[in-house]
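Note that the coordinates shown come from a computational prediction; the quantities given were computed from them, not determined experimentally. Counting convention: from 1, in listed order, for ligands and their atoms alike. Just so you know, these numbers use all the heavy atoms, side chains as well, and skip hydrogens, waters and symmetry mates.
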Amino acid sequence: MRDRVERPPRLGAAVSPISEATWERALDLIAGADEIALACHVSPDGDALGSMLATGFALRSMGKRVVGSFGDRHFAVPRLLRFLPGQDMLVPPEDYPAAPELMMTFDSPSAERLGLIGPSVAAAREVIVVDHHRSNTGFGTVGLVDPGAAATAMLAEQLIHRLGGTLDRDIATCLYAGLVTDTGSFRHSSTTPAAHEMAARLVATGLRTDEIARELWDRSPFGYLKVLAAALDRVELCDELVWTYVTRVDRAAYGLPYSEVEGIIDIVRRTDEAEVAVVLKEDDEGAWQVSTRSKGTADVGALCAAMGGGGHRNAAGFTSHESVDDTIGAFRRLLGKV
Ligand code: AMP
Ligand code: MN
Ligand code: MN
């Protein structure tokens, strides 16, 4: 079946850090498993959920029993990702296998980022980690980890290809959601020729890219504009840092779930005068989920790692249980902008 794909997909990095022996080990583990438990990071984005569901489709077509989940306390697929096919694979964290024979994780740099289902990593017999975070801790028993890949979806495509799967419309939809999410619609510096080549393969399956774009970015409820207005009303620019925050009280006034405010960083980061953008978002538990973006000079991935989080050089985040002022103060001290 494998030679059915004429042009083999290429990875993002010029030289992949994933050895052939590692790919073979992953393929062997998958071949030997009847049931495979998939997982992606909490508050899943298009790359996390898209990579996981795409791989789930390929595994199911090989006759595997597949379950997938993410470990949020309030388990719900973010509204803007509900158009992704394959959601019948999903189970809430309480129904997730406590000790899977084979577990596969997607777009998660650590077991901790799997939230409530993180403990299954330690209990699983084998864990294949599919990820592109430079901050990946090296958890799991087989690491399909390439920081040069623009999205985990690129590694998932490679894996599906090596499994002998074909890109059908469902798989392509899920992978495309991952690719456009993480490359910022092919605008970010991570966008390689390989990312565009992959997009061409996906679009060739007959994807309606306009419909996917509308689902991902143009279906916000009216309340989003009101909450955005509140966040923008308090935005501050100081020493090339632009930042603001969104509280759960802001959201409650319009019944807006947390996942709806994830995109505010993409508006705040447009500020020409700022090198770094930060948005603090209060989640339903009262913790601050902090999104940071850099235009390239500052390594926000390293700064966020120092704050207990992680991510990429130009897009990273961390969680804070301190006040807004204390959190932004600590971040600014690290940034050297105080
Ligand atoms: P976001 O701002 O949520 O879009 O996240 C940007 C990047 O930072 C992603 O690669 C996330 O995986 C990473 N990230 C965000 N929040 C955290 C966190 N609390 N801990 C570790 N990594 C994070
Ligand atoms: Mn992600
Ligand atoms: Mn990703």
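- When hydrogens are left out, the protein atom nearest atom 9 (C) of ligand 1 is His133 NE2, 3.9 Å; that is the closest non-hydrogen contact.
- Both the sub-6.0 Å distance and the 45° axial angle are not jointly satisfied by Arg248 relative to the ring of Tyr258.
- If you check the side chains of His133 and Asp131, you find a donor sitting under 3.5 Å from an acceptor.
- Side chain to side chain, Thr247 and Asp250 meet the donor-acceptor criterion of an N or O pair below 3.5 Å.
- The protein atom (non-hydrogen) at minimum distance from atom 21 (C) of ligand 1 is Gly310 N, 3.3 Å.
- Under a 4.0 Å criterion applied to the non-hydrogen atoms of Thr319, ligand 1 contributes the atoms 19 (N).
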message: Between Arg201 and Glu157, is the salt bridge (charged side-chain N to carboxylate O under 4.0 Å, His left out) condition met? List the steps.
response: CA-CA 10 Å; Arg201 285 190 293 277; Glu157 191 212 10; 2.7 Å; yes
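- No donor-acceptor contact under 3.5 angstrom links the side chains of Glu112 and His41, judged on distance only.
- Distances from the Mn ion (ligand 3) to each N, O or S atom of Asp107 single out OD1 as the nearest.
- Using a 4.0 Å cut-off between heavy atoms, His41 makes no contact with ligand 1 at all.
- Of the polar atoms of Gly309, none of the N or O atoms is found under 3.5 Å from an N or O of ligand 1, judged by distance alone.
- A heavy-atom distance below 4.5 Å is found between the side chains of Tyr96 and Met103.
- Under 2.8 Å from the Mn ion (ligand 3) lies an N/O/S atom of His132, whether from backbone or side chain.
- The distance criterion of under 3.5 Å between nitrogen or oxygen atoms is met by Arg293 with respect to ligand 1.
- The Mn ion (ligand 2) lies closest to atom NE2 when only the N/O/S atoms of His41 are considered.
- Scanning the protein for heavy atoms near atom 2 (O) of ligand 1, the closest one is Ser291 OG, 2.6 Å.
- A side-chain N or O of Ser320 and one of Thr327 form a donor-acceptor pair less than 3.5 Å apart.
- Distance check for Asp182 against the Mn ion (ligand 3): an N/O/S atom falls below 2.8 Å.
- Checking Asp45 against the Mn ion (ligand 3), every N/O/S atom stays at or beyond the 2.8 Å cut-off.
- Using a 4.0 Å cut-off to heavy atoms of His312, the atoms of ligand 1 that qualify are 10 (O).
- Formation of a donor-acceptor pair under 3.5 Å by the Thr105 side chain with backbone atoms of Ser108 is not found in this model.
- Between the side chains of Asp107 and His132, at least one donor-acceptor pair of N or O atoms lies under 3.5 Å.
- Nearest to atom 23 (C) of ligand 1 among the protein's heavy atoms is Gly317 O, 3.5 Å.
- When distances from the Mn ion (ligand 3) to the N, O or S atoms of Asp47 are compared, OD2 comes out shortest.
- Taking CZ of Arg208 as the start and CZ of Arg169 as the end, the distance is 9.0 Å to the nearest 0.5 Å.
- Atom 11 (C) of ligand 1 has Arg113 NH2, 3.8 Å as its closest protein atom, hydrogens excluded (heavy atom only).
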